[in-house]
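Proteins come first, then strands; the chains are lettered A, B, ... in the order of their sequence lines, and each starts at number 1.
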2 protein chains.
Amino acid sequence: MPDKQDVFKQLLKSNGLKVTNQRIAILEVMEKRPEEHLTVEEIYDYVKEKYSDIGLATVYRTIQVLSDLNVIDKLNLDDGYVRYELNIASEEGEGHHHHHLICLKCGSVLTFRDDLLETLEERIQKSLNFQVTDHEVKLYGYCEECRKMVENE
Amino acid sequence: MPDKQDVFKQLLKSNGLKVTNQRIAILEVMEKRPEEHLTVEEIYDYVKEKYSDIGLATVYRTIQVLSDLNVIDKLNLDDGYVRYELNIASEEGEGHHHHHLICLKCGSVLTFRDDLLETLEERIQKSLNFQVTDHEVKLYGYCEECRKMVENE
DNA sequence: GTGTCTGCAAACTTTTTGCAAGTCC
DNA sequence: GGACTTGCAAAAAGTTTGCAGACAC
């Protein structure tokens with residue numbers, strides 16, 4: 001895992017930003033929990049385990065930096081919380097989107113990858129002359145667990 | 001337009017809620033501006049034109065009611081504002097989703113309708129055993145106007 | 001050494017809540 | 001009349017900002 005951190009450190013430096021313990025600690029939290037869709041408060045709590053003196057304001061400021069550098073993505077799962085997750089696309093190259101399946105009963109969130117929207121994007125491009133560069137898809141429904149529970153009732 | 005209001009009044013009554021001037025006024029604001037993606041503050045300002053005594057808290061509470069009754073939808077266009085719009089699907093029948101094209105340069109929002117995600121939903125259903133009931137799609141890119149401006153530079 | 005960053009506290013913004021008075025049915 | 005609503009003000013929740021001291025390089 002040192003590679004990722006080195007990349008991050010380079011990224012900071014090349015943008016005139018400094019490498020600080022707090023920033024590294026927050027990155028580590030995000031890296032340890034990919035696809036966990038953490039809220040700011042959760043990130044704050046996790047970081048405090050290793051870096052108890054950190055302030056909430058620093059977490060907010062660092063999240064902003066990470067977001068600007070496209071290291072993490074902002075996420076809205078309609079549960080009233082703003083969430084963040086590692087930007088996986090930036091590691092795997094462009095075009096590898098991942099989307100979210102949100103269970104309306106238990107609130108769990110599954111992730112899936114799919115590039116099937118390309119045909120849609122082409123059609124949009126032709127019919128509306130809108131150049132699509134990215135997309136976000138959220139699917140709502142009922143997860144395997146919740147479906148089983150309903151069947152057994 | 002009296003029909004819609006009658007439907008709404010019925011909907012309120014059948015849920016044990018009361019028909020008040022404030023609720024009707026807010027519904028009218030939403031109906032007059034379909035696809036305008038209003039913020040709470042905007043709704044508040046518009047309603048005050050006709051109903052100057054209304055309080056902001058009432059707007060929040062009414063929006064909650066309208067949202068619970070599926071008359072309006074919450075919307076997040078990643079610009080830092082929570083927005084609402086009339087739920088058109090509830091009028092046209094299920095399955096008629098509409099999605100959003102967000103211009104990364106000027107921030108304008110276009111709407112389009114498409115049911116093309118059905119094949120994707122089927123595949124998700126089979127592979128992950130997740131029953132999809134609804135979806136939301138946001139496409140990011142550059143609108144016609146902004147593309148023209150770039151070309152002419 | 002200098003410019004950036006941090007922690008703290010205060011300020012701000014957005015949304016929710018308690019309550020007495022008012023409205024709907 | 002009784003239950004539901006409203007407006008107001010206060011409170012709560014979430015986020016940003018100013019600043020003095022600390023840190024990175």
Side-chain angles (χ1 to χ4, degrees), chain A residues 5-6 8-29 37-69 71-72 74-84, chain B residues 5-6 8-29 37-69 71-72 74-84:
Chain A
Q5 289 201 6
D6 287 346
F8 177 53
K9 288 177 183 173
Q10 262 334 107
L11 201 54
L12 286 174
K13 286 179 185 171
S14 63
N15 282 79
L17 302 167
K18 293 189 171 168
V19 177
T20 66
N21 293 331
Q22 290 91 334
R23 285 174 178 168
I24 298 297
I26 289 173
L27 180 68
E28 282 180 353
V29 166
H37 320 113
L38 301 171
T39 64
V40 175
E41 209 66 34
E42 284 167 351
I43 295 169
Y44 179 51
D45 289 339
Y46 281 132
V47 175
K48 274 205 294 192
E49 290 175 4
K50 281 214 168 176
Y51 205 106
S52 60
D53 286 349
I54 201 167
L56 183 55
T58 300
V59 176
Y60 273 103
R61 283 184 284 225
T62 302
I63 285 172
Q64 190 58 57
V65 169
L66 289 168
S67 194
D68 290 345
L69 297 176
V71 175
I72 61 175
K74 195 173 184 174
L75 199 63
N76 194 304
L77 300 178
D78 306 306
D79 59 355
Y81 296 98
V82 176
R83 295 170 180 281
Y84 294 88
Chain B
Q5 288 201 5
D6 288 346
F8 177 54
K9 288 177 184 173
Q10 264 333 109
L11 201 54
L12 285 174
K13 287 179 185 171
S14 63
N15 283 78
L17 302 168
K18 293 189 172 169
V19 177
T20 65
N21 293 332
Q22 291 91 332
R23 286 174 178 166
I24 297 297
I26 290 173
L27 179 69
E28 282 180 354
V29 166
H37 320 113
L38 301 171
T39 64
V40 175
E41 208 66 33
E42 284 167 352
I43 295 169
Y44 179 50
D45 289 340
Y46 281 131
V47 175
K48 273 205 294 192
E49 290 175 5
K50 281 213 169 177
Y51 205 107
S52 59
D53 285 349
I54 202 168
L56 183 55
T58 300
V59 176
Y60 273 103
R61 283 184 284 226
T62 303
I63 285 172
Q64 190 57 57
V65 169
L66 290 169
S67 193
D68 290 345
L69 297 176
V71 174
I72 61 175
K74 195 172 184 173
L75 199 62
N76 194 304
L77 301 178
D78 306 306
D79 59 355
Y81 296 98
V82 176
R83 296 171 179 280
Y84 294 88

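The separation between D68(A) atom CG and dC5(C) atom P is 12 Å, rounded to whole Å. Residue I26(A) contributes atom CD1, which lies 9 Å from atom P of dG7(C) at whole-angstrom precision. Rounded to whole Å, atom C1' of dT5(D) lies 6 Å from atom CZ of R23(B). Residue Q22(A) contributes atom CD, which lies 14 Å from atom C1' of dG21(D) at whole-angstrom precision. Straight-line distance from the CG atom of L12(B) to the C1' atom of dC24(C): 12 Å, rounded to whole Å. Protein atom CZ of R83(B) is 12 Å distant from nucleotide atom P of dT15(C), rounded to whole Å. Atom P of nucleotide dC25(D) and atom CG of N15(A) are separated by 14 Å, given to the nearest angstrom. To the nearest angstrom, P of dC25(D) lies 11 Å from CG of L17(A).
Shown here for G55(A) and Y44(A), the closest heavy-atom pair between the two residues is C-CE1, 3.8 Å.
Proximity of D78(B) to N76(A): side-chain heavy atoms (C-beta onward) are nowhere separated by under 4.5 Å. Using a 4.5 Å heavy-atom threshold, the side chains of T20(A) and T62(A) count as separate.
Heavy atoms of R61(B) sit under 4.0 angstrom from at least one base atom. Using a 4.0 Å heavy-atom cutoff across all strands shown, E41(B) reaches no nucleic acid atom at all. Among the heavy atoms of the strands lying under 4.0 Å from Y51(A) are primed sugar atoms or P, OP1, OP2 only; no base atom is included.
Taking only distance into account, the side chain of K18(B) never meets the base of dC4(D) through a donor-acceptor pair shorter than 3.5 Å.
At dT4(C), none of the side-chain N or O atoms of T20(A) fall inside 4.0 Å of OP1 or OP2 (strictly under the cut-off).
Both G16(B) and T58(B) sit near DNA chain D, but only G16(B) has its closest nucleotide nearer the 5' end. With DNA chain C read from its 5' end, the first of the two nearest nucleotides for Y81(B) and A57(A) is the one closest to A57(A). Summary of the strand contacts: K13(B) and Q64(B) both lie near DNA chain C, and taking for each the nucleotide with the nearest heavy atom, the more 5' one is attributed to Q64(B).
Taken from CZ in F8(A) to CG in L69(A), the straight-line distance is 6.5 Å, to the nearest 0.5 Å. N21(B) contributes atom CG, which lies 11.5 Å from atom CG of D53(B) (distance to the nearest 0.5 angstrom). Here E42(A) contributes atom CD and Y84(A) contributes atom OH; the two are 13.0 Å apart, rounded to the nearest 0.5 Å.
Nearest to the side chain of Y60(A), among dT14(C), dC25(D), dT16(D), sits dT16(D).
Rounded to 10 degrees, the angle separating the terminal axes of the helix from dG1(C)-dC25(D) to dC25(C)-dG1(D) is 40°, with each axis obtained from five end pairs.
Side-chain atoms of N15(B) do not come within 3.5 Å of backbone N or O of L17(B) as any donor-acceptor pair.
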